[in-house]
Amino acid sequence: MKTMRLSIAALCQAGLLLAQPQPAAAPKADACSPPPGAVAPSLPAKLLEGQGKIDLKITTRSAEAQAFFNQGVAQMHSFWVRESERSFLQAAALDPESPMPHWGIAMVAAGDYRPGFQLDYVNGHPTKITKRKGQPQGGEARAIAAAAKAQKLAAVSGKATDLEKLYIVAAAARRDLTRRDPNADYVKALRALIAQHPKEVEARTYLALQLMSGFETPSKRPRTGSMEAVELLKAALVDSPDHAGAHHYVIHGWEGSTFAKDAWPSCQRYGELANNIPHGLHMPGHIYAQTGRWADATKSFADAAKNEVYWMKQDTLAGNGHHGHNVHFLTQSLSFAGKYEEALAAARSLLDYKETPREAKQADNYRTAYRQGWFAVLRTLVQHEKWDLILDGKTLPDYQKPREQAWRQWAVALANLAKGNRAQAEDAARKMDAQLKNFSVPALRVAQQEMKGQLAAKTDRKLQQLDKAARAELALRYTEPTSYPRPVLEVLGQVALKEGRAEVAERAFRQALEQYPESVGAKAGLRAAMEKRTGRAVEAAGGGLE
Amino acid sequence: MVLRVDAAAGKALVSHRAIPGRMPAMAMPLRIDTAGLTPGTRIEFDLDEKHGAARRVKRIDTRDAGEFRFPDVPEQLPAGAPAPDFTLTNLRGEPMTFSSLRGRVVLVNFLYTRCPLPEVCPRLAASFASLQRRFGERITLVSITLDPQHDTPEVLARYAASLRVGPTWHFLTGDTTPVARRFGLVHWPEEGVILHNSQTAIVDRTGRLAAMVEGSTYRLEQLADLVKEILER
């Protein structure tokens, strides 16, 4: 029989792949700000209030293009990259001959205009250069194309100043994938720009953002580049006290450090300057949470949630992942402030964001609004020891994904142990261990260590194991909200109290308060431990609690 | 693409693409296992030239997006069922009821005006524009937005003007999701785009769902063959 196969399937499938855009793969996205779109945002853009005032003069014949360009830079400073790209596109549409709007797209569309530490960079560039696989796609491809376009337009006589050309050279360096280390070359180009224009605040803030490498955990020692970023930002704010980007980057540059409190003035000012951008309202909460200002943190996250919901209602194409992160953090803040009902209500509100079919198919994606809500419910119930609700099978939905199943078994084990059902607790712990044979993340390994302590029969062994788990938790990578549901140190303190080891408990609670200042749970525990040790009542305020 | 099915005779009229070196694109009757085939179904198969038959017939699954699969829609109407009736808003801001088009051959597709993917909504719109040029007022075209918040009558009017639509091509907005689901459409917004499958329905003069074409990557000639086939009934 002579047959030939009609090869139309391949064509159709190729078309279909094009039809299903993947959100741009922002490197190591932390859900703290929405990623760039898989495709370029549509026009028109609108001029908006509360974006943070920026005035970066460019060569253009259109005042409107300049206004949209400035707005694009301001939105870039708040990592609102999709809107920033939209503004730059609008500026480009208004003045197609101006190179700088394309420079803006080259800066933001790839999704890597973020603090260096969020990209795993140290001192501005990856510590390990890995060979790239495949062609650039989505936002990165747009950024590369825009860099090329900016260079081409800038080469036309009279279309770019020397300063603009330096900005374009820097962005183009970062987008040149033929270079061995494009990020290092980006840093060099920014340094060259600043050497020629030492008062150029914009460039100094870009360099600071790229250099900030975060702080070690748990020592909080700065990594290389972090302190240079701090100094750059301090100087930038002297020259431009109302620069929204500089204030924003102070928050990122100071978070996780021993001097986080020094960022308080910038928290205040940034929230005022970028008060119509969710991230602008959200970020001050990071510092407030770290420094024990739980009421202020709660307000930041609640304001950000309100603003985010406003924008989500304005545009059906806005995603909800960042809203999930924001409300998740709100939940954690409420919990540490001792506001259980509000925390649970906030967490449960995220469960209304049903996952899309694509998200639902993903075995592990803790960034969806639903899964952040799920984890927020879990952390709230555990932190407030709502054991019956954990066991009721409804309050914490039985979500059939590896990460969530492991956490669920952990919580069920804790709940059963607290209720004296040791056999069920051991059974749940075994199930968690079994689950983690195929899937594990550092926080869940801490959970296993904690569970060993919780289940240990002898007091010394129990305390020793919990102490080990607490140290492991402190060494977890810095994330906000924390990847561990509640501080092990507080658990250690509670267990020690119960076992009559008041000194151990007091020490644990004191350390817990260093980790999370003003934690209502740790303060109450410390008071109880001190009272047990001294046999005297300790006043609620002061009374040796500091 | 299947144009007509004769289950009793075990045959189907199929519009196929060109087979390089063998034959041009054409509509060809073939002996075939007709199970699961309806007008508009897109298939791949081995052509048994000697017997004029299609072997190893496989339906093209346009819902499979690799990373995930567009879920089936329980509300989707089967081929041959009466088309759903609904009232939406046209680009002049006036209500338009679908059953008012009874007596005409009507093609329905779903798109959104800010879709940036050339292979999807722009392609669907271009197909309709081409059919409009080819068949003129012999057919009616209905494009329903999947993004009604953005695609107001004013936005649709601008979009329609860019496509030079004639009097028998309607653009509709409003509460379109329930309508979309009856036609097998599933869609959701996700970080800057609306993800959706693509369906083009053809409703015959009696108001029945005569054909359903999945996907957006069919050849225009195939769709035109299908329209012609239904017009000639």
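Letters go in sequence order (proteins before strands), and every chain restarts at 1. Everything numeric in this text was worked out from a predicted model, so none of it was measured.
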| By salt bridge (Lys or Arg N to Asp or Glu O under 4.0 Å) - contacts of B/Glu75 (at least two apart) | B/Arg181

| request: Check whether any side-chain heavy atom of B/Trp188 sits under 4.5 Å from a side-chain heavy atom of A/Pro357, and report yes or no. | output: yes

| request: Kindly indicate whether the side chain of A/Gln362, heavy atoms from C-beta on, has any atom under 4.5 Å from the side chain of B/Phe68. | output: no

| remark: residues 306-316 of chain A vs chain B, non-hydrogen distance cutoff under 4.5 Å, contacting residues -> A/Lys313, A/Gln314, A/Asp315, A/Thr316

| message | Before you tell me yes or no, could you show the steps for A/Leu317 and B/Arg114 under side-chain contact (heavy atoms from CB on, under 4.5 Å), namely the whole-Å CA-CA distance, both residues' side-chain angles and the distance that decides it to 0.1 Å? | response | CA-CA 10 Å; A/Leu317 302 196; B/Arg114 51 180 169 165; 3.5 Å; yes

| message | If you count heavy atoms of other groups shown closer than 6.0 angstrom to CZ of B/Arg31, is the number above 12? | response | no

| remark: By side chain to side chain donor-acceptor pair (under 3.5 Å), A/Glu404 pairs with (sequence neighbours left out) none

| Over 12 non-hydrogen atoms of neighbours within 6.0 angstrom of NZ in A/Lys401 | yes

| query | Quick check: are there more than 12 heavy atoms from other residues, nucleotides or ligands sitting under 6.0 Å from CD of B/Glu94? | reply | yes

| task | Check side chain to side chain donor-acceptor pair (under 3.5 Å) between B/Gln199 and all other residues, then give those that pass, not counting sequence neighbours. | result | none

